[in-house]
Amino acid sequence: IAVFVSERDDRAHWIEAGRCFQRFALQATAMGVRSAHLNQPVELAALRPAFGAFLGITSGRPDLVIRFGRGPAMPRSLRRPLDAVLT
């Protein structure tokens, strides 16, 4: 399990946490490691502080919870056609 933590609770730091996850996920994929989001503990703002305290995070905000390891490839998420999302 990996928990990505923002240094501060603002948009710039949320984006940086996402970029860190992106680099992590790309490198993991290159190494044959799979990942999956387990974000239930951080999806509700009211639970975030308790989850952070449980993990011993004294500063920052837990933003993403990721399970990673080896396993079989799973079907990819369905995607809408490009013309359905661009106007």
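Between A2 and F24, the shortest heavy-atom distance links the atoms CB-CZ, 4.5 Å. The two residues V3 and P62 make their nearest non-hydrogen contact at CG1-CB, 3.9 Å. The minimum heavy-atom distance linking P41 with F51 is given by the pair CB-CD1, 3.6 Å. In plain terms, the two heavy atoms of R70 and G32 that are nearest each other are NH1-O, 3.2 Å.
Counting heavy atoms of neighbouring residues, nucleotides and ligands inside a 6.0 Å radius, atom CG of L86 exceeds 12 of them. No more than 12 heavy atoms of other residues, nucleotides or ligands sit less than 6.0 Å from atom CZ of R11.
Contact check on E16 versus R61 returns no salt bridge, with no Lys/Arg side-chain nitrogen under 4.0 Å from an Asp/Glu carboxylate oxygen.
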Dump the intermediate steps for side-chain contact (heavy atoms from CB on, under 4.5 Å) on L26 and T29, then the final yes or no.
-> CA-CA 5 Å; L26 289 170; T29 300; 5.8 Å; no
Step by step, would you call L64 with V42 a side-chain contact (heavy atoms from CB on, under 4.5 Å)?
-> CA-CA 7 Å; L64 295 166; V42 296; 5.9 Å; no
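When atom types are taken as modelled, the side chain of S35 and the backbone of A25 share no donor-acceptor pair closer than 3.5 angstrom. Between the side chain of D63 and the backbone N or O of V5, no donor-acceptor pair lies under 3.5 Å.
Grouping the Ile, Leu, Val, Met, Phe, Trp and Tyr side chains by contacts below 4.5 angstrom, directly or via other members, places L38 apart from M74. Under the 4.5 Å side-chain contact rule for hydrophobic residues, V65 and F68 do not share a cluster. There is no path of hydrophobic side-chain contacts, each under 4.5 Å, that joins L47 to L55.
Put simply, the side chain of I66 reaches to within 4.5 Å of the side chain of H37, judged on heavy atoms. You'll find the side chain of W14 reaches within 4.5 Å of the side chain of D9, heavy atoms only.
Taking OG of S59 as the start and CZ of R8 as the end, the distance is 10.5 Å to the nearest 0.5 Å. Annotation: the span from S6 atom OG to I15 atom CD1 amounts to 10.0 Å, rounded to 0.5 Å.
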